[in-house]
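Step one of this worksheet: look at the structure below.
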Amino acid sequence: MSQLSMFLPAEFLDWDAARLEVEVRKHNRLYWDENRPLISDTEFDRLVERLRALNPHSPVLDALGPDPALRVGTPVVHQQSMLSLEKCYDEQTLLDWAAKFEGDVVMTPKVDGCACSIRYGADGRLEVAATRGSGSVGEDITGNVLRIPNVPTRLPITSPVEIRGEVYLPLSAFAKLAGEFANPRNTAAGALKQKDPAKSAAVGLRFMAYDVVGLGLQTELEKFAQAAAWGFEPVSHTLLTRAEMQAGYDGYVARRGELDYEIDGVVFRANRVDEQVRLGFTSHHPRGAIAYKLQGESGLTFLREVEWSISRSRIFTPVGIVDPVNLSGATVTRISLHNWGMVKSKALSIGAECLAVRRGGVIPYLESVTQPGDTPITYPATCPTGGFPLREDGDIIVCTCTTGCAGAVVGVLSHYANVVGIEGFGETWLQTLVEAGLLTQAADFYRLRPEDLVGFERMGDTLAKKLVENCAAHRSDLPLAVFLTSLGVPGLGRTASQTLAKQFRTLERVRAVTAADLLGLPKFAELSAEKIAAGLAAQAATIDALLAAGVTVADVPEAPAESADAGARPFAGQSFLFTGTLAAMPREQAQSRVEALGGKAASGVSKALTYLVVGSEGKAGSKLQKAQEAGVKVLTEAEFVALVEAAEAP
Ligand code: IVH
């Protein structure tokens with residue numbers, strides 16, 4: 001706007017509030033959404049101030065900035081990558097880190113929110129705010145960030161500046177919300193991506209600045225002072241000597257409950273910028289900073305024993321039995337070791353000192369081995385329930401039996417009962433009934449009679465009758481998707497089952513599908529298509545037995561014809577080019593989904609290209625630059641997935 005001549009008539013001073021609102025809205029839209037301002041910045045400010053004087057509560061004043069519905073989510077290429085932080089869990093590692101540079105250390109809380117970059121142009125205006133995204137490309141959240149009350153919309157500067165920090169939701173604001181989100185961070189992330197600015201603003205987000213990029217300031221302290229002078233809320237910061245670092249961290253641990261925001265660690269940074277520059281970066285983090293994670297969610301313990309749990313698909317998973325350790329307020333003695341591959345890759349042994357981590361409600365797991373143990377871990381030679389030999393298959397240990405393993409059968413039965421909704425059969429019960437030979441496969445649920453059950457410990461007439469009734473209640477007209485999920489075919493979970501049910505509509509047709517039929521469907525990569533087709537075929541006897549036991553499966557009604565036709569080629573006339581690595585699906589699958597929707601997969605950038613899709617992993621490279629020069633619309637991977645899924649929806 002700044003280079004424009006003035007078009008605002010002098011008589012604007014006579015306008016009433018309603019007229020001013022119309023004008024402010026119009027010029028705001030021309031500037032932000034249409035990129036063709038008609039009046040200068042100063043003129044615009046005068047209009048806004050005049051409106052503020054006549055009606056300080058005008059809703060138009062709260063809606064200045066771009067319409068989030070138009071910009072939210074479009075890709076923003078970061079001028080400097082937004083990296084992560086190295087983590088540490090003890091003082092020694094922190095001291096080792098700090099020994100590598102000169103000067104003092106700045107300590108700040110690691111605020112658990114959403115990283116945000118805000119760029120201001122040479123004229124001082126807030127130009128763009130973006131999420132961290134992949135680190136090199138984020139998503140536009142300008143419209144919503146402009147409505148965060150402690151983010152200045154203009155700075156008194158003459159060259160561009162970028163402010164980085166954390167958008168967070170104060171705990172006091174989170175407490176007032178109706179609890180739709182699990183935690184303040186997820187709520188903040190949701191609010192930033194809102195397309196309705198009023199809804200986003202209502203959540204009560206705040207911003208804390210932790211970096212000023214592009215001004216050539218010499219120390220972290222100068223950056224905080226500058227940010228504060230411009231009206232930002234800098235993250236709370238303290239200058240420390242190395243000897244004071246641990247006590248500083250301990251102070252945060254002690255005061256954690258008094259803060260009005262969540263923290264998940266304490267960040268230490270070299271105060272001197274020249275030292276940060278000298279240390280440089282890895283592809284993941286700058287070497288001049290480190291996050292000392294809060295204890296409590298992690299703790300050191302010793303591995304004493306390994307137990308093996310058998311899954312439904314007869315995979316043996318190692319579970320670590322450890323000395324009791326307090327994690328996030330709970331005493332933990334069992335931790336997940338993930339799989340056999342992890343035992344091998346971490347060279348884990350009995351007696352090892354290891355770091356156990358627990359976040360939120362998730363089961364604790366082994367993060368790293370800090371001291372090796374002395375006794376190697378071996379997996380059992382045979383399955384304790386069926387006696388069959390176990391076999392190492394890459395990262396997993398599997399039982400070689402195909403039927404008859406009580407451990408595995410219990411898993412299969414429990415899965416079936418859970419999925420179709422048969423209540424009353426806990427794993428202990430199932431184990432008893434399997435061992436008694438009453439249950440060998442899912443179809444047996446429907447053959448149970450009360451008299452088979454009475455007589456077992458704690459089983460009276462009433463309960464026995466009730467259990468049999470529960471089974472009978474889930475025999476007829478099982479929805480096709482439920483029936484498919486109940487089979488426990490690897491890869492055929494709830495979502496895939498729903499897709500299959502929607503597509504093929506009858507059990508008969510699903511039973512006839514081949515891997516090739518599945519490949520054309522959304523989210524079925526080659527591997528999963530083959531696995532599912534083979535898995536279904538392997539369940540033929542189980543399915544026959546269920547049908548013979550009286551189970552009936554309801555067909556899915558045919559979708560109305562017009563939606564099938566109208567929705568068939570929503571991408572007609574559009575072309576898509578992919579760059580970088582897609583995290584959600586292989587590139588070939590992305591291309592075939594585009595083609596299935598009537599679009600074309602392009603091979604290079606040209607003006608005719610409709611979209612360039614930037615994968616969320618790996619580098620976007622030169623295609624991105626060319627596409628931007630050619631004015632091609634760039635989509636993040638998330639946007640692409642959303643677009644495809646919306647187009648594929650019936
Ligand atoms: S310094 C390389 N200071 O933590 C980034 N980051 O794991 C240097 N974060 O995405 C950032 N509070 O958004 C810094 N006081 C703080 C922070 C902080 C939270 C976030 C940051 C980044 C993540 C890295």
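Read the numbers this way: they start at 1 and go in the same order the structure lists the ligands and their atoms.
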Among His285, Gln276, Arg164, Lys110, closest by any non-hydrogen atom to atom 4 (O) of ligand 1 =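 Result: the heavy atom closest to atom 4 (O) of ligand 1 is in Lys110.
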List ligand 1 atoms under 4.0 Å from [X], heavy atoms only on the residue side.
X      : answer
Leu83  : 2 (C), 5 (C)
Ala115 : 10 (O), 13 (O)
Thr108 : 3 (N), 15 (N), 16 (C)

Evaluate the ring planes of Phe578 and Phe576, with Trp represented by its six-membered ring, and classify them as parallel (under 30°), tilted (30 to 60°) or perpendicular (over 60°).
->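 The rings of Phe578 and Phe576 lie parallel, inter-plane angle below 30°.
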What's the shortest distance from [atom] to any protein heavy atom, and which residue and atom give it?
atom                    : result
atom 20 (C) of ligand 1 : Glu166 OE1, 3.4 Å
atom 21 (C) of ligand 1 : Tyr210 OH, 3.0 Å
atom 2 (C) of ligand 1  : Ser84 O, 3.3 Å
atom 12 (N) of ligand 1 : Val111 N, 3.0 Å

Please report the shortest heavy-atom distance between Pro286 and Ser84, naming the atom on each side.
->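 Where Pro286 meets Ser84 most closely, the heavy atoms are CD-O, 3.2 Å.
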Should the proximity of Leu85 to ligand 1, defined as any heavy atom under 4.0 Å, be assigned to the side chain, the backbone, both, or neither?
->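 The answer is both, backbone and side chain.
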[X] atom [atom1], over 12 foreign heavy atoms within 6.0 Å:
X      : atom1 : answer
Lys199 : NZ    : no
Arg278 : CZ    : yes
Glu34  : CD    : yes

How about Tyr252 and Tyr292: are their ring centres within less than 6.0 Å of each other?
->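 Between Tyr292 and Tyr252, which both carry aromatic rings, the centre distance is not below 6.0 Å.
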Counting only N and O atoms by type, is there a donor-acceptor contact under 3.5 Å from the side chain of His338 to the main-chain atoms of Val343?
->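 Not confirmed, His338 side chain does not pair with Val343 backbone.
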Interatomic spacing from CD1 in Ile118 to CD1 in Ile148 - rounded to 0.5 Å |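 With rounding to 0.5 Å, CD1 (Ile118) is 7.0 Å from CD1 (Ile148).
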Any heavy atom of Pro286 sitting closer than 4.0 Å to ligand 1?
->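 Heavy atoms of Pro286 do come under 4.0 Å of ligand 1.
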Do any N/O atoms on Pro109 end up under 3.5 angstrom from N/O atoms on ligand 1?
->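 Among all N and O atoms of Pro109, at least one is under 3.5 Å from an N or O of ligand 1.
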